[in-house]
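Take a look at the structure set out below.
When a ligand or atom number is given, it counts from 1 through the structure's own listing order. All figures in this text were calculated on a predicted structure; none of them were measured in a lab.
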Amino acid sequence: MARITASVYTSHVPAIGVAIDQHKTQEDYWKPVFAGYEQSKQWIRENPPDVIFLVYNDHATAFSLDLIPTFAIGTAAQFQPADEGWGPRPVPVVKGHPELAAHIAQSVIQQDFDLTLVNKMEVDHGLTVPLSLLFGERDPIQGAWPCPVIPFAVNVVQYPAPSGRRCFALGQAIRKAIESYDAPLNVQIWGTGGMSHQLQGARAGLINREWDQAWLDQMIADPAACAARPHIDYVREAGSEGIELVMWLIARGAMPDVTDGRSVGPPPRVRHRFYHVPASNTAVGHLVLEPA
Ligand code: DHB
Ligand code: FE
């Protein structure tokens, strides 16, 4: 059977993608950001997944105000990098896993979560920047990502966004779905976005280091309490775009210590934890968790 072997969490700042694409990772501003991922790049070389289930948000790229799915699973065979205004990022096409994605859709919908099935979609920085951070630069034509990726888009751009509690419960349903897939696949689940940031309005530029670190501590050790936090906490403390963090709770809910909405098993092992301010307008957070 398939199983979840790790969860990976990272911010997905678009300027990080630009820094990689324009070979600026060793410039003074960016060096400490990329240094924080070196250990994880080594770890993933030693622990390569067969498939990545990648939770991210679309930033009005594939979707718009015309159509706003709360939870959308990519079931296609491939996903082209989107043009977000400066041409598509020079990264390889993202290959999907239609068979596993269809199985997860079947199982999760039957567990009463209403997913939108997306058979055609371009993917934006929310998905491609995390891949670049963990796998480094890849030639867009000759190169490829090391494994198939199932995109899972969550609406955190246009209110109403799903609650942390619902995201956490959904993660548990996704693990059940993966564990009922009849092939010995090693699947990683990634949660992306965050940490504190606000891109617009009077508080644009808001960063809250203390809140971010406390949120990370709680998300690791007591995810049920973390999932109970209401939206207003994120908006008030972590800025309007800090709400992206609810996506991390999907990945956390999929870890095997979580049963019936609580962490009952031994907590996951923290293989790597990194926090840095700033990257563009954002506090960067990154975690690698493995089942105990
Ligand atoms: C920035 C961060 C994001 O998460 C995003 O989606 C867009 C921009 C930023 O910090 O500039
Ligand atoms: Fe974002």
Side-chain angles (χ1 to χ4, degrees), residues 8-22 24-25 27 29-30 32-34 36-37 54-65 68-72 74 79 81-89 91 94 121-134 149 151-159 161-162 164 167 190-209 211-212 215-216 219 231 234-235 237-251 274-287:
V8 174
Y9 309 78
T10 180
S11 306
H12 62 213
V13 186
I16 290 178
V18 176
I20 295 170
D21 301 342
Q22 298 183 358
K24 293 180 174 164
T25 59
E27 290 187 357
Y29 180 86
W30 288 112
V33 175
F34 291 100
Y37 288 82
L54 203 155
V55 181
Y56 76 111
N57 67 292
D58 179 79
H59 300 75
T61 304
F63 307 120
S64 71
L65 293 181
I68 308 170
T70 303
F71 298 119
F79 306 89
D83 182 349
E84 297 178 65
W86 295 273
R89 286 194 63 213
V91 293
V94 175
M121 176 166 70
E122 294 184 347
V123 287
D124 74 8
H125 68 270
L127 183 131
T128 62
V129 165
L131 290 175
S132 295
L133 277 168
L134 272 289
V149 176
F152 191 86
V154 178
N155 168 43
V156 289
V157 165
Q158 177 65 32
Y159 272 84
C167 288
W190 292 16
T192 76
M195 298 202 68
S196 56
H197 63 306
Q198 171 148 345
L199 302 177
Q200 80 262 283
R203 297 200 307 163
L206 178 144
I207 300 282
N208 189 342
R209 295 167 192 258
W211 188 92
D212 283 340
W215 189 90
L216 285 172
M219 199 276 288
H231 278 158
Y234 291 87
V235 177
E237 300 292 337
S240 50
E241 278 64 55
I243 192 64
E244 289 183 341
L245 283 171
V246 295
M247 296 185 289
W248 293 36
L249 287 162
I250 296 179
F274 173 64
Y275 184 79
H276 177 80
V277 177
S280 188
N281 304 295
T282 309
V284 168
H286 171 45
L287 277 179

query: Considering only protein heavy atoms, which is closest to atom 4 (O) of ligand 1, and at what distance to one decimal place?
result: His197 NE2, 3.0 Å

- prompt: Rounded to the nearest 0.5 Å, how far does CD of Gln158 lie from CG of Leu65?
  reply: 5.5 Å

field: His12 near the Fe ion (ligand 2): N/O/S under 2.8 Å
entry: yes

- prompt: Which value, rounded to the nearest 0.5 Å, describes the distance between Asn155 atom CG and Met247 atom CE?
  reply: 10.0 Å

field: side chain to side chain contact (heavy atoms under 4.5 Å, CB included) between Tyr234 and Trp211, intermediate numbers included
entry: CA-CA 9 Å; Tyr234 291 87; Trp211 188 92; 3.6 Å; yes

- prompt: If you measure from each non-hydrogen atom of Glu241 to ligand 1, which part falls under 4.0 Å: side chain, backbone, both or neither?
  reply: neither

Rounded distance (nearest 0.5 Å) linking atom OH of Tyr56 with atom OG1 of Thr128: 9.5 Å

message: Quick check on contacts: which atoms of ligand 1 are under 4.0 angstrom from a heavy atom of His12?
response: 4 (O), 6 (O)

task: Check each atom of ligand 1 against the heavy atoms of His125 and keep those under 4.0 Å away; list them by number with element.
output: 5 (C), 6 (O), 7 (C)

Name of the residue among Val123, Val149, Leu127 meeting side chain to side chain contact (heavy atoms under 4.5 Å, CB included) with Phe79: Val123

field: Heavy-atom nearest neighbour in the protein, as seen from atom 11 (O) of ligand 1, with distance rounded to 0.1 Å
entry: Ser280 OG, 2.6 Å

task: Starting from atom 1 (C) of ligand 1, locate the nearest protein heavy atom and write down its residue, its atom name and how far away it is, to 0.1 Å.
output: Pro14 CD, 3.6 Å

Protein contact to atom 6 (O) of ligand 1 [nearest heavy atom, distance to 0.1 Å]: His59 NE2, 2.7 Å

Shortest protein contact, atom 10 (O) of ligand 1 (heavy atom only): Thr282 OG1, 2.4 Å

- prompt: Between Trp30 and Phe34, what is the ring plane arrangement, given parallel below 30°, perpendicular above 60°, and tilted in between?
  reply: tilted

Residue Glu244 vicinity, atoms of ligand 1 by number, heavy atom under 4.0 Å: 4 (O), 6 (O)

message: Taking side chain to side chain contact (heavy atoms under 4.5 Å, CB included) as the criterion, tell me which of Thr25, Val284, Thr10, Thr282 meets it with Ile16.
response: Val284

message: I'd like to know whether Glu241 forms a side chain to side chain donor-acceptor pair (under 3.5 Å) with His59, so could you lay out the CA-CA distance, the side-chain angles of the two residues, the decisive distance to 0.1 Å, and finally the verdict.
response: CA-CA 11 Å; Glu241 278 64 55; His59 300 75; over 6 Å; no

message: Need the atom name: nearest N/O/S atom of Glu244 to the Fe ion (ligand 2).
response: OE2

